[in-house]
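What follows is one structure encoded as structure tokens, with my remarks underneath.
Everything numeric in this text was worked out from a predicted model, so none of it was measured.
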Amino acid sequence: MNLFQVNLFVQDFSTMLSFYRDALGFETTDVDPGPPCVPMVNWASLRTGSVTLELFDAETFWDTRLLHGANRDAAQLCFIVDDVEGERARLVAHGVDCDPVVTEPWGSYASIRDPEGNWLQIYEVRDRRNAL
């Protein structure tokens, strides 16, 4: 098995699209699956490395009542970077609130939340061969 895609159901589609596309720098794809998906309006396909993140407007594709009880701490999306300090500085410049960098024996990381409270982490390891 190989994780290929993460689907994220969101309440404020335009804010979440801006966060993942503009602040984090994910690339939009040219996929158009057809109705009820309207690319960049209620659905978006974004690439980061070899994984696709698809954003779905919860009102269109999901029961929004289920989002209110979601445990935003139950999962964390982690993104490996070459320079966690540099990436953190770039995110802060884009208005992203980042926790301070934590250094561990294996490397460093910083935690952030997306606009809807999902927990994310950027991290680097001293020896990337051990992370892949």
Side-chain angles (χ1 to χ4, degrees):
M1 276 190 267
N2 185 21
L3 180 63
F4 178 75
Q5 180 171 310
V6 174
N7 295 340
L8 190 58
F9 295 88
V10 303
Q11 289 180 294
D12 185 341
F13 182 82
S14 61
T15 297
M16 293 291 276
L17 176 60
S18 178
F19 177 80
Y20 283 96
R21 180 191 59 201
D22 303 333
L24 269 71
F26 294 3
E27 296 180 21
T28 57
T29 71
D30 60 358
V31 175
D32 185 352
C37 296
V38 180
M40 306 311 146
V41 174
N42 66 10
W43 172 87
S45 178
L46 305 158
R47 298 281 298 160
T48 176
S50 62
V51 175
T52 298
L53 174 70
E54 289 194 354
L55 301 178
F56 291 84
D57 177 63
E59 192 170 323
T60 303
F61 297 98
W62 198 258
D63 182 347
T64 57
R65 295 172 298 168
L66 297 175
L67 294 176
H68 297 288
N71 181 354
R72 300 293 186 175
D73 294 324
Q76 180 183 51
L77 300 178
C78 299
F79 304 95
I80 194 164
V81 297
D82 291 326
D83 174 14
V84 76
E85 291 277 357
E87 186 63 21
R88 181 186 180 281
R90 187 189 72 76
L91 292 172
V92 168
H94 275 89
V96 177
D97 186 25
C98 297
D99 289 348
V101 171
V102 176
T103 301
E104 300 283 354
W106 55 265
S108 302
Y109 68 91
S111 297
I112 60 177
R113 298 274 182 176
D114 73 15
E116 294 192 0
N118 296 298
W119 194 25
L120 312 176
Q121 182 182 89
I122 55 172
Y123 73 99
E124 67 177 275
V125 293
R126 293 198 197 320
D127 183 353
R128 278 188 80 153
R129 291 173 299 187
N130 293 330
L132 302 177

Revision key, fill the gap. Between the CH2 atom in W62 and the CG atom in N7, the distance rounded to the nearest 0.5 Å is 9.5 Å
Practice item. Heavy atoms only: give me the nearest M16-D114 pair and the separation to one decimal. Key: CE-OD2, 3.0 Å
Review point. Nearest heavy-atom pair of P39 and V31: which atoms, and what distance?
Key: CG-O, 4.1 Å
Practice item. Report the distance from atom CD1 of I122 to atom CG of L120, rounding to the nearest 0.5 Å. Key: 9.5 Å
Exercise for review: May I ask you to decide whether E85 forms a salt bridge with R88, counting only side-chain N to carboxylate O separations under 4.0 Å?
Suggested key: no
**Study point:** Interatomic spacing from CD in E87 to OG in S108 - rounded to 0.5 Å
**Key:** 14.0 Å
Check your understanding: Going by the angle between their ring planes, with limits at 30° and 60°, are W43 and F56 parallel, tilted or perpendicular?
Key -> perpendicular
Check your understanding: Of the non-hydrogen atoms in V51 and L3, which two are nearest, and what is the gap between them?
Key -> CG2-O, 4.0 Å
Check your understanding: Taking the side chain from E116 and the backbone from D12, do they hold a donor-acceptor pair closer than 3.5 Å?
Key -> yes
Check your understanding: What pair of heavy atoms forms the shortest contact from F61 to N42, and how long is it?
Key -> CE1-O, 3.3 Å
Exercise for review: Drop me the distance from R21's CZ to M40's CE, to the nearest 0.5 angstrom.
Suggested key: 7.0 Å
**Study point:** A23 backbone acceptor or donor facing R90 side chain under 3.5 Å
**Key:** yes
Revision key, fill the gap. So CG of L24 and CG of L77: to nearest 0.5 Å the spacing works out to 10.0 Å
**Study point:** Considering all heavy atoms, the nearest S111-Q121 contact
**Key:** OG-NE2, 4.1 Å
Point to revise | Qualifying residues under ring-ring contact (aromatic ring centres under 6.0 Å, His included), relative to W119, sequence neighbours excluded | key: none
Review point. Quick one: CZ on F26 to OG1 on T28, what's the gap to the nearest 0.5 Å?
Key: 12.5 Å
